Amino acid sequence: MNNIEINLRDIRAQIASAASACERSADSILLLAVSKKKPASDIRVAFACGQRDFGENYLQEALEKMQELQDLDINWHFIGAIQSNKTRSIAEAFDWVHCVDRLKIAKRLSEQRPATLPPLNICIQVNIDHEASKAGIDLSELNDLAAAIVALPGIRLRGLMAIPAPRADYSGQCRAFARLAEALTSLRQQGLDCDTLSMGMTQDMEAAISQGSTLVRIGTAIFGERL
Ligand SMILES: *Cc1c(COP(=O)(O)O)cnc(C)c1O
């Protein structure tokens, strides 16, 4: 077996054991394989192992890989920073966008999503630790942005995404993820039909799952270190 196959098998086992530790079903957690800076050939290997969802951060790089992998039925997730002049290609080529933090971007994605495609799945990125270096809105702005986004055609608000500040301690990781989970619960209590918590990466996947993550974004543990 090659490394990607072994790594995927290990990650799936880790997801299953983290899920069972908190009495969740492993099926309730989608594994997003983050393939940024990795060649299309690596994606092809992962696809052959049953992986269907792939995350990319850089538009040009992603479009080139999509071209090479046209024969595969992949669900493509955009997880990078979005510049407003790039929204058209994103709206046309991707199935999900995880990092929406401005109404202007949501409106452009809504207008530019081709009518022939199903609605583009959207997550609002929350800057859960108020870090100057990170994208995402403050939790205090969430209700207004979510209400504006659900009114737009062509896109569907699925939930929330966050990248907490790195923490070594498990309980600290859990507390950050719990704040995002509470925010999703509150949106649902307001009647919004959201089901996705995009949280957890290679370093903090177990904590994210314990707090209700429905989608973990894993790069390094599947494809190895990025250069
Ligand atoms: C790169 C990236 C990941 C994957 O990170 P790893 O530490 O390699 O698992 C997840 N989410 C986002 C938004 C990323 O940019």
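Here, residue 1 is the first one in the sequence, and each next residue gets the next number. Keep in mind that this is a model prediction, so the values were computed, not measured. Counting convention: from 1, in listed order, for ligands and their atoms alike.
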Below 4.0 angstrom from a heavy atom of Gly219, which ligand 1 atoms are there? Numbered from 1 as shown, please. 4 (C), 6 (P), 8 (O), 9 (O)

Backbone, side chain, both or neither: what part of His98 comes under 4.0 angstrom of ligand 1, heavy atoms only? neither

Using a 4.0 Å cut-off to any heavy atom of Ile163, which atoms of ligand 1 qualify? 13 (C)

Flag, side chain of Asp169 to backbone of Gly172, donor-acceptor distance under 3.5 Å: yes

So for Met199 against ligand 1, with non-hydrogen atoms under 4.0 Å, the contacting part is neither

Numbering the atoms of ligand 1 from 1, which are under 4.0 Å from a heavy atom of Arg217? 4 (C), 9 (O), 10 (C), 11 (N), 12 (C), 13 (C)

Tell me, yes or no, whether the heavy-atom count around Gln14 atom CD, taken from other residues, nucleotides or ligands under 6.0 Å, exceeds 12. yes

Distance in Å, Asp193 CG paired with Arg156 CZ, rounded so as to fall on 0.5 Å steps: 5.0 Å

Side-chain ion pair, Asp71 and Arg44, N-O less than 4.0 Å: yes

of all protein heavy atoms, closest to atom 9 (O) of ligand 1 is Thr202 OG1, 2.5 Å

Enumerate the atoms of ligand 1 whose separation from the nearest heavy atom of Ile79 is less than 4.0 angstrom. 11 (N), 12 (C), 13 (C), 14 (C)

Part of Arg226 within contact of ligand 1 (heavy atoms, under 4.0 Å): side chain

Please report the closest heavy-atom contact between Gly136 and Asp101, naming both atoms and the distance. N-OD2, 2.9 Å

Which protein heavy atom lies closest to atom 8 (O) of ligand 1, and at what distance to 0.1 Å? Thr220 OG1, 2.6 Å

Which atoms of ligand 1 have any heavy atom of Ile218 under 4.0 Å away? 9 (O)

Give a yes or no answer on whether the side chain of Arg113 reaches the backbone of Glu92 with a donor-acceptor pair at less than 3.5 Å. no

Taking side chain as C-beta onward, heavy atoms only, is Met161 less than 4.5 Å from Val126? no

Does Met201 come within less than 4.0 Å of ligand 1, judged by its heavy atoms? yes

Would you mind running through ligand 1 and noting each atom that sits below 4.0 Å from a heavy atom of Met161? 13 (C)

At a 4.0 Å threshold, what atoms of ligand 1 neighbour a non-hydrogen atom of Asn57? 14 (C), 15 (O)

Measure the shortest side-chain to side-chain distance between Asn75 and Phe54 over non-hydrogen atoms and say whether it is less than 4.5 angstrom. no

Side chain to side chain, Ser84 and Arg108, heavy atoms closer than 4.5 Å: yes

Ligand 1 to Lys36, heavy atom cutoff 4.0 Å, flagged ligand atoms 1 (C), 2 (C), 3 (C), 14 (C), 15 (O)

